[in-house]
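Step one of this worksheet: look at the structure below.
Only a predicted model underlies this, so the values are computations on that prediction, with no experimental measurement involved. A, B, ... follow the sequence lines: proteins, then strands. Residue 1 opens every chain. Computed over heavy atoms, backbone and side chain alike; hydrogens, waters and symmetry mates excluded.
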2 protein chains.
Amino acid sequence: MSDDVSILITGAAGFTGQQACRHFQQKGWNVTAVVRETSFVCEGIHVIQCDLTDKKAVDCLIRVEEPTYILHLAGSNSVQSSWENPVKTMEANLLSTIYLLEAVRTSSPSTKIVLVGSALQYNPELKEKPHHPYALSKTVQIQVAIHWGDLFNLDIVLAKPTNLIGPGPSSGICALITNHIVQMEREKKIDGFHIMNLAAKRDFLDVRDAVGAYEKLFLFGERSRTYDIATGKLVTIREVVGELQSLTNVPNFVIDKKVSEVEVVKPTDVSHMRNLGWMPSYSLHQSLTDTLAYFRSQNC
Amino acid sequence: MSDDVSILITGAAGFTGQQACRHFQQKGWNVTAVVRETSFVCEGIHVIQCDLTDKKAVDCLIRVEEPTYILHLAGSNSVQSSWENPVKTMEANLLSTIYLLEAVRTSSPSTKIVLVGSALQYNPELKEKPHHPYALSKTVQIQVAIHWGDLFNLDIVLAKPTNLIGPGPSSGICALITNHIVQMEREKKIDGFHIMNLAAKRDFLDVRDAVGAYEKLFLFGERSRTYDIATGKLVTIREVVGELQSLTNVPNFVIDKKVSEVEVVKPTDVSHMRNLGWMPSYSLHQSLTDTLAYFRSQNC
């Protein structure tokens, strides 16, 4: 890729955003990181502070930047916060997306957008219902984006990532357990981390592989199509714990509460991404090793 | 109904809003009319100016009023405007509804809300797609409202009215033809009104009957349920023209352009409203007579 490819990454300070900045910088793309707070710094990357729920600010951002690509990661991804302030979640996930798409339509219509959904969104076509305002916000966000793209002929590709793991500020289950281990290693915690049910199954994908998948979507993704970004393989939380046990001397760092039924989860069909030539490259062991190293490197 | 029943009507200055103000005032309910522009005056009715896309203003409105009922009619209902400014349409229809529902949740959770959708909304469960941003905005508005009601246990009933006709500032096809007749009677127009296809069929319901249906929904409507508000009978535009021809001496006031195919439209199932004891009471002839009288009474 040559120097004239530019990518604007929203939510650049987040778990995926930080990896995306590194990844596309290494590819030689001109990266602009859009962040809400000005404290984010990333060497060699142009950082812009912008509140994406401010329509004028978003218009200005896109008019000035006119990027080749936009990776839209920004938004609120906390289920808990969505119960506390559902309007804020709707504004952060839905309104910001509407403003972004509209700015692209009016100022930079040839920009290709990869919009990142959530494994927690539901399928209205299957009469599914959201379990929390966060799921509602992400589902409506994706739905509006697909139709906005169709109505206004915009180049939008939808990505639906599974549970992402790996080094960085994640709030997912693997990060929580790994961070707990580090706290126990430092003797700041004594009791193990409570797990709802060790038999629960998840599809865990390294965030660096997810970012590689987003790159494929910019290059080859079909407009208006939704791509599942996953390994296609389910592992139990027990297997994750087993891997982590091989990486630490701390014993009994989880306690199985068995308070939840084990949901029947089907493996994700990943053939669409395979057809684009994408395969995950990080093993679960490698991802967890790097996650542990990340938390060990953090102060307090 | 006693004096302590209060109803807040948003979009009160609109076609349905004006009839709703009269209807519920006659029923002895305490009516508060919420309007965007301050120019609206209605005798004996408390009028409040409020921009429903201003979250703080909406919070304040609901905290102060704590109405028994809310009839939410406000929004942008122009397909044309939705192409010109889709963001404004989304804000007017979706954002205002989110702010209203949230204000009810936090300040007046026992308020029962009738939220009025549109015949133009599509059904995501049937994999239908919107033909314009207006349809997208109304569909997402209703979807968010249903789920918001379920998630937060609010008493929301959804109404999906057909094409409403009758006296007042409507922009529907019957109003356009009738107004055109009056302009021809005044010799301000010479040529007839162009009709896409006289054989097209519609379900036309008098706006006063629709308002009566909304009253039934406040009293007996089941929460989270969508009620079709319609006559259940289809008539052709040709039949409407025939009725109007019996009411005016102006000849040839429409010209059939036959430019559009006649869509196959199914009659609406109105059994849910029948079960609540509602029946339309205005004949097509009466509605059109009153519509013509309305436009004849208007200056210019």
Side-chain angles (χ1 to χ4, degrees), chain A residues 53-56 58-59 62 79 82-107 121-154 224 226, chain B residues 52-56 58-59 62 79 82-107 121-154 224:
Chain A
T53 65
D54 176 341
K55 185 175 185 304
K56 280 185 190 165
V58 177
D59 281 341
I62 302 302
V79 170
S82 81
W83 282 115
E84 290 158 9
N85 196 335
V87 166
K88 212 165 176 180
T89 299
M90 292 299 280
E91 288 175 338
N93 294 346
L94 178 57
L95 199 62
S96 68
T97 301
I98 291 173
Y99 290 163
L100 192 69
L101 298 182
E102 185 60 356
V104 167
R105 176 176 85 89
T106 52
S107 304
Q121 69 197 59
Y122 64 98
N123 189 346
E125 289 175 4
L126 301 178
K127 301 195 180 195
E128 290 174 357
K129 290 184 171 198
H131 295 300
H132 35 70
Y134 170 69
L136 177 60
S137 75
K138 290 302 286 186
T139 304
V140 174
Q141 174 196 36
I142 297 301
Q143 204 179 330
V144 167
I146 290 174
H147 294 311
W148 208 278
D150 286 344
L151 289 168
F152 297 110
N153 198 25
L154 297 178
S224 302
T226 301
Chain B
L52 297 179
T53 64
D54 176 343
K55 186 174 182 303
K56 281 186 188 163
V58 177
D59 281 343
I62 301 303
V79 170
S82 81
W83 282 115
E84 289 158 8
N85 196 335
V87 166
K88 214 165 176 181
T89 298
M90 292 299 280
E91 287 174 339
N93 293 345
L94 177 58
L95 199 62
S96 68
T97 301
I98 291 173
Y99 290 164
L100 192 70
L101 297 182
E102 184 62 356
V104 167
R105 177 176 85 89
T106 52
S107 303
Q121 70 197 58
Y122 64 98
N123 189 344
E125 289 176 4
L126 301 178
K127 302 195 179 193
E128 290 174 358
K129 290 185 170 196
H131 295 299
H132 36 70
Y134 170 70
L136 177 61
S137 75
K138 289 303 286 185
T139 304
V140 174
Q141 173 196 34
I142 297 301
Q143 204 180 331
V144 167
I146 290 173
H147 294 312
W148 208 277
D150 286 345
L151 290 168
F152 296 111
N153 198 26
L154 297 178
S224 302

Can a salt bridge be assigned to the pair Lys88(B) and Glu91(B) using a cut-off of 4.0 Å between side-chain N and carboxylate O?
no
Under 3.5 Å, side chain of Ser82(A) to main-chain N/O of Tyr134(A), donor-acceptor pair present?
yes
Using non-hydrogen atoms only, which part of Ile146(B) is less than 4.5 Å away from chain A: side chain, backbone, both, or neither?
neither
Rounded to the nearest 0.5 Å, how far does CG of Asp59(A) lie from CG of Asp54(A)?
9.0 Å
Hey, what do you get for NE2 (His147(B)) to OG (Ser224(B)), rounding to the nearest 0.5 Å?
9.5 Å
Return the option, out of Pro130(B), Pro133(B), Pro86(B), with the maximum number of heavy-atom pairs under 4.5 Å with chain A.
Pro86(B)
What part of Val140(A) lies closer than 4.5 angstrom to a heavy atom of chain B: side chain, backbone, both or neither?
side chain
Measure Leu151(B) against the heavy atoms of chain A and call it side chain, backbone, both or neither at under 4.5 Å.
both
To the nearest 0.5 Å, atom NZ of Lys129(A) lies from atom CG of Asp150(B) at 4.5 Å
Please classify the contact between Leu101(B) and chain A as side chain, backbone, both or neither, with a heavy-atom cut-off of under 4.5 Å.
neither
